[in-house]
*Asks:* 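Attaching a single structure in structure tokens format; questions to follow.
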Amino acid sequence: MKDTLIDTQYSTGVSRRNIERALLAAGKDLDHLRPEDLALLEDFHTMGRYATGQLVDLAGITAADDVLDAGSGIGGTARFVAGHCHCRVTAVDLTEEYCDTARWLNQLVGLDDRISVQRADVTELPFADATFQVAFSQHVQMNVPDKPRLYREARRVLAEGGRLAMWDITSGENGELDYPLPWADRPDLGHLVSSGELRAIVESAGFEIDHWNDLTDQAATLMQAILALPPTPLGLHAFVTDFARKAANLTRALTDGRLRVIQGVARAVAPQSRS
């Protein structure tokens, strides 16, 4: 992926400062911060913490698993997995600003001993084959044009029988999308495919699908409820530019079917076992 395009979309230069201000405005004590204090602002994907919790349960993570959070943003998924499953997590993201912010937040909530953060491209991971038992990919592939390479890399670093846990936006019914969106301020920054196309790409990379659930209706309903809540200091608006408009555009597209949301778990299989 091109660093400059990703930086255009996600880097603001003030993520850490704005998050710190939001936490203080909400009355949080940064010297005694708990992981749950970050729940409202750290999950940069549709349905937030609810979606992450469901996917963790579906993937069946245990304390013995080594987990990769591929495209980790500011580290919300990594912290949730490390805290709730008591396992080690390696988080990678292409945006250095997000990596720095994730390291800071990990330290604030006392999880830096379980989570390592590296700046890396999810289509060229700096890990040996079969390093992990679980790989998370939440709202990442929409920015990746070379999806076959993305999932071949995920398969390479997963041990046989390892699980790929996915929570992703796909294209839906015909219709132009309204921009900006959370992952793309303009059309050339997004690379959407249909649910069927995405599933076929994942399978061709060496996975068998265990779960493939369309949760668009649930996501649209929850997003509508979130948009109706009164404003608070904590939220993705603390570090995501123009988030209110991006969330509104996303919610309308989910509601009318122009976008879909897919929850999936795929199992890494040996070449001779691929279907």
Side-chain angles (χ1 to χ4, degrees), residues 6 9-57 59 61 67-119 136-140 143 165 167-169 182-183 219 222-223 226-227 229 231-244 246-247 250:
I6 295 298
Q9 180 61 37
Y10 295 111
S11 294
T12 64
V14 293
S15 293
R16 173 173 170 170
R17 185 179 71 188
N18 286 356
I19 289 172
E20 184 172 6
R21 286 177 175 175
L23 289 168
L24 293 173
K28 305 299 182 182
D29 182 353
L30 299 190
D31 292 326
H32 299 89
L33 203 66
R34 301 168 301 171
E36 54 266 32
D37 291 329
L38 302 176
L40 293 177
L41 61 74
E42 65 180 357
D43 293 306
F44 193 8
H45 49 259
T46 310
M47 294 176 66
R49 179 54 49 83
Y50 182 76
T52 302
Q54 279 194 332
L55 195 56
V56 166
D57 290 343
I61 300 172
V67 178
L68 171 68
D69 184 9
S72 56
I74 65 167
T77 295
R79 284 186 291 276
F80 182 83
V81 171
H84 284 258
C85 302
H86 307 288
C87 59
R88 293 196 58 80
V89 182
T90 299
V92 301
D93 200 273
L94 192 59
T95 303
E96 184 62 45
E97 180 179 331
Y98 279 6
C99 291
D100 288 340
T101 302
R103 294 185 190 104
W104 169 65
L105 290 171
N106 294 345
Q107 188 172 28
L108 282 183
V109 299
L111 289 172
D112 50 317
D113 60 333
R114 294 188 197 169
I115 304 170
S116 65
V117 180
Q118 296 187 43
R119 182 179 183 272
F136 270 83
S137 180
Q138 297 200 92
H139 285 28
V140 174
N143 286 125
W167 175 238
D168 270 306
I169 299 283
W183 64 90
L222 183 56
M223 289 296 294
I226 290 173
L227 291 179
L229 293 174
T232 64
L234 295 181
L236 294 172
H237 59 274
F239 70 97
V240 179
T241 304
D242 203 11
F243 181 72
K246 292 175 180 179
L250 168 61

*Asks:* Can you find a pair of side-chain heavy atoms, one from Cys85 and one from Val56, that are under 4.5 Å apart?
*Replies:*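 Yes, side chains in contact.
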
*Asks:* Report the distance from atom OG1 of Thr52 to atom CG of Asp43, rounding to the nearest 0.5 Å.
*Replies:*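 The distance works out to 4.0 Å.
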
*Asks:* Using salt bridge (Lys or Arg N to Asp or Glu O under 4.0 Å) as the criterion, list what pairs up with Arg103, not counting sequence neighbours.
*Replies:*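 So Arg103 forms a salt bridge (Lys or Arg N to Asp or Glu O under 4.0 Å) with Glu96, Asp100.
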
*Asks:* How many angstroms lie between CG in Leu55 and CD1 in Ile61, if you round to the nearest 0.5 Å?
*Replies:*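 If I round to the nearest 0.5 Å, the distance is 7.5 Å.
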
*Asks:* Give the intermediate values and the outcome of side chain to side chain contact (heavy atoms under 4.5 Å, CB included) for residues Val89 and Arg114.
*Replies:* CA-CA 6 Å; Val89 182; Arg114 294 188 197 169; over 6 Å; no

*Asks:* Does anything in residues 74-84 form a salt bridge (charged side-chain N to carboxylate O under 4.0 Å, His left out)? List the pairs, not counting sequence neighbours.
*Replies:*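 Output for this query lists Glu42-Arg79.
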
*Asks:* More than 12 heavy atoms of other residues, nucleotides or ligands under 6.0 Å from CD of Gln107: yes or no?
*Replies:*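 No, the 6.0 Å shell around CD holds no more than 12 heavy atoms from other groups.
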
*Asks:* Mind jotting down which residue pairs meet the side-chain hydrogen bond (donor to acceptor under 3.5 Å, both in side chains) criterion with at least one end in residues 231-241? Sequence neighbours excluded, please.
*Replies:*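 Qualifying pairs, neighbours excluded: none.
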
*Asks:* Output the distance between atom CD1 (Ile74) and atom CG (Leu105), rounded to the nearest 0.5 Å.
*Replies:*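 Ile74 atom CD1 to Leu105 atom CG measures 5.5 Å (nearest 0.5 Å).
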
*Asks:* Contact between Leu23 and Leu38 at the side-chain level, heavy atoms closer than 4.5 Å - yes or no?
*Replies:*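 The answer is yes, as the side chains (C-beta and beyond) meet within the 4.5 Å cut-off.
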
*Asks:* Applying side chain to side chain donor-acceptor pair (under 3.5 Å) between Thr77 and each of Gln138, His139, Arg49, report the one that passes.
*Replies:*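 Single pass found, and it is Gln138.
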
*Asks:* Do the side chain of Asp93 and the main chain of Cys99 share a donor and acceptor less than 3.5 angstrom apart?
*Replies:*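 Such a contact is absent between Asp93 side chain and Cys99 backbone.
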
*Asks:* Within a strict 4.5 Å, meaning less than it, do heavy atoms of the Val67 and Arg88 side chains meet?
*Replies:*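 No; the side chains remain at least 4.5 Å from each other.
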
*Asks:* Mind listing the closest non-hydrogen atom pair of Thr46 and Ala219 along with its distance?
*Replies:*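 Shortest heavy-atom separation between Thr46 and Ala219 comes out as CG2-CB, 3.8 Å.
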
*Asks:* Please list, chain by chain and in numerical order, all residues satisfying side-chain contact (heavy atoms from CB on, under 4.5 Å) with Gln118, sequence neighbours excluded.
*Replies:*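 Checked Gln118 against side-chain contact (heavy atoms from CB on, under 4.5 Å); matches are Thr90, Val92, Pro126, Phe127.
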
*Asks:* Pro35 and side chain to side chain contact (heavy atoms under 4.5 Å, CB included): which partner among Val109, Leu108, Asn106?
*Replies:*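 Among Val109, Leu108, Asn106, the one that satisfies the side chain to side chain contact (heavy atoms under 4.5 Å, CB included) with Pro35 is Val109.
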
*Asks:* Partners of His84 by ring pair (Phe, Tyr, Trp, His ring centres under 6.0 Å), sequence neighbours excluded?
*Replies:*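 Phe80.
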
*Asks:* Can you pull the salt bridge (charged side-chain N to carboxylate O under 4.0 Å, His left out) pairs that have at least one residue in residues 15-31, sequence neighbours excluded?
*Replies:*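 Every salt bridge (charged side-chain N to carboxylate O under 4.0 Å, His left out) pair that includes a residue of residues 15-31, provided the two are not neighbours, is Lys28-Asp37.
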
*Asks:* To check you understand the geometry: which heavy-atom pair defines the closest contact between Ala165 and Ala59, and what is its length?
*Replies:*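 In terms of heavy atoms, the two residues are closest at CB-CB, 4.2 Å.
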
*Asks:* Quick one: closest heavy-atom pair of Leu234 and Ala22, and the distance?
*Replies:*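 Minimum heavy-atom separation between Leu234 and Ala22: CD2-O, 3.6 Å.
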
*Asks:* Quick one: closest heavy-atom pair of Ala102 and Gly73, and the distance?
*Replies:*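 For Ala102 versus Gly73, the nearest heavy atoms are CB-O, 4.3 Å.
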
*Asks:* Minimum heavy-atom separation for Ala82 and Ile115, please, with both atom names.
*Replies:*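 Scanning both residues completely, I find the closest heavy atoms to be CB-CG1, 3.8 Å.
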
*Asks:* Minimum heavy-atom separation for Val140 and Ala70, please, with both atom names.
*Replies:*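 For Val140 versus Ala70, the nearest heavy atoms are CG2-O, 3.3 Å.
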
*Asks:* Does the side chain of Tyr98 reach to within under 4.5 Å of the side chain of Ser15, using non-hydrogen atoms?
*Replies:*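 Side chain of Tyr98 against side chain of Ser15, heavy atoms only: contact under 4.5 Å found.
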
*Asks:* State, with a plain yes or no, whether a side-chain heavy atom of Phe136 is found less than 4.5 Å away from one of Trp167.
*Replies:*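 The answer is no, as the side chains (C-beta and beyond) never meet within the 4.5 Å cut-off.
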
*Asks:* Using a 4.5 Å cut-off on heavy atoms from C-beta on, say whether the side chain of Met223 contacts that of Leu250.
*Replies:*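 The answer is yes, as the side chains (C-beta and beyond) meet within the 4.5 Å cut-off.
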
